Amino acid sequence: MMDTTPEEKLLNLIKKDQSKTRIRKELKIFTKINILLISIIAIVAVIFLADVFIFKQKTSEEIPAVDMQAKASQAQPVVSEPEEDNAPVLTDKAVDSKKISREEILGNLNLLGIITGENNQAIIEDKNLKKTFFLYKGDSLGELKVYDIKSNMVILEYKGEKIELSI
């Protein structure tokens, strides 16, 4: 066996120490990058969850339905006897010369679809505003309120009276 000189021993110790120091520096940089990435992911997750839970609970009351509100504020609907499905309907009998008739409401709104699930959602288009609304049971569109959402129809409530929109 070969004996190493003290200088070689010292040189080997210095090399080992340098490699440990380099590994420590690389590990610190790697750790900082991981912490930064985890922080970014956490922020994105919080924003996503806030969007899902906060904006999901916003009702369409915040969405202006100017034409419907203007027409609805001038009208007093009259109810006829309930039809076979036990839902009262608005008629054309005038209480006021400026009223929203059932036909005007039905002509202005179009039920595009229904998303079924835990909490059904109706997709309703307002032809006058040229906007589409995604509404849940209890949401309002002007003076119209979503009374119930069934698999093939939506029942709206207007000043206590029920109006059905079918697909």
Side-chain angles (χ1 to χ4, degrees), residues 1-73 85 87 100 104-167:
M1 286 208 169
M2 240 185 191
D3 286 331
T4 57
T5 64
E7 291 85 14
E8 290 176 339
K9 288 181 183 179
L10 183 59
L11 187 60
N12 287 337
L13 283 175
I14 292 172
K15 286 181 182 178
K16 286 180 184 179
D17 189 44
Q18 284 179 347
S19 70
K20 286 181 182 178
T21 305
R22 186 180 43 161
I23 290 173
R24 283 187 193 137
K25 285 181 184 178
E26 290 174 358
L27 186 61
K28 284 181 182 179
I29 293 172
F30 181 74
T31 304
K32 288 178 183 178
I33 291 173
N34 280 341
I35 290 172
L36 180 65
L37 289 175
I38 290 171
S39 300
I40 291 172
I41 290 171
I43 291 170
V44 169
V46 167
I47 292 171
F48 175 74
L49 291 174
D51 183 47
V52 167
F53 291 113
I54 292 173
F55 295 117
K56 182 177 182 180
Q57 299 197 6
K58 280 189 178 181
T59 63
S60 61
E61 292 176 27
E62 299 171 3
I63 302 171
V66 178
D67 291 345
M68 288 300 294
Q69 287 175 348
K71 288 181 182 179
S73 65
D85 58 357
I100 296 180
E104 284 179 303
I105 293 172
L106 291 174
N108 184 39
L109 299 177
N110 185 21
L111 180 60
L112 299 176
I114 296 174
I115 301 170
T116 57
E118 239 180 73
N119 194 5
N120 291 349
Q121 187 177 28
I123 306 169
I124 298 177
E125 174 190 25
D126 187 330
K127 294 176 186 174
N128 286 344
L129 295 176
K130 297 179 182 166
K131 291 187 178 183
T132 302
F133 301 95
F134 293 80
L135 304 170
Y136 293 97
K137 182 178 178 180
D139 287 352
S140 296
L141 179 63
E143 290 190 36
L144 295 168
K145 183 175 181 180
V146 179
Y147 181 77
D148 195 14
I149 301 174
K150 298 184 179 185
S151 62
N152 62 346
M153 76 171 68
V154 174
I155 301 173
L156 301 173
E157 185 175 18
Y158 174 72
K159 294 187 178 182
E161 311 307 327
K162 310 292 186 290
I163 301 172
E164 292 181 2
L165 286 177
S166 297
I167 295 179

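What you see is a predicted model, and the numbers here were worked out from it, not measured in a lab. All residue numbers refer to positions in the sequence shown, counting from 1.
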Are any of the side-chain heavy atoms of [X] and [Y] separated by less than 4.5 Å?
{"X": "I35", "Y": "T31", "value": "yes"}
{"X": "T132", "Y": "I123", "value": "yes"}
{"X": "I155", "Y": "I163", "value": "no"}

Rounded at 0.5 Å granularity, tell me how far [atom1] in [X] sits from [atom2] in [Y].
{"X": "I41", "Y": "L36", "atom1": "CD1", "atom2": "CG", "value": "10.0 Å"}
{"X": "L144", "Y": "L109", "atom1": "CG", "atom2": "CG", "value": "6.0 Å"}
{"X": "N34", "Y": "I29", "atom1": "CG", "atom2": "CD1", "value": "12.5 Å"}
{"X": "N110", "Y": "L112", "atom1": "CG", "atom2": "CG", "value": "5.0 Å"}
{"X": "I149", "Y": "I115", "atom1": "CD1", "atom2": "CD1", "value": "9.5 Å"}
{"X": "E7", "Y": "K9", "atom1": "CD", "atom2": "NZ", "value": "10.5 Å"}

Exercise. Quick check: are there more than 12 heavy atoms from other residues, nucleotides or ligands sitting under 6.0 Å from NZ of K127?
Worked result: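 Yes, NZ of K127 has more than 12 neighbouring heavy atoms, counting only those of other groups under 6.0 Å.
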Heavy-atom closest pair, residues [X] and [Y]:
{"X": "Y136", "Y": "N120", "result": "CD2-O, 3.5 Å"}
{"X": "K145", "Y": "G138", "result": "CE-O, 3.5 Å"}
{"X": "A122", "Y": "V154", "result": "CB-CG2, 3.5 Å"}

Exercise. Does F133 offer a backbone N or O that forms a donor-acceptor pair with the side chain of D126 under 3.5 Å?
Worked result: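 Between the backbone of F133 and the side chain of D126 there is no qualifying donor-acceptor contact (under 3.5 Å).
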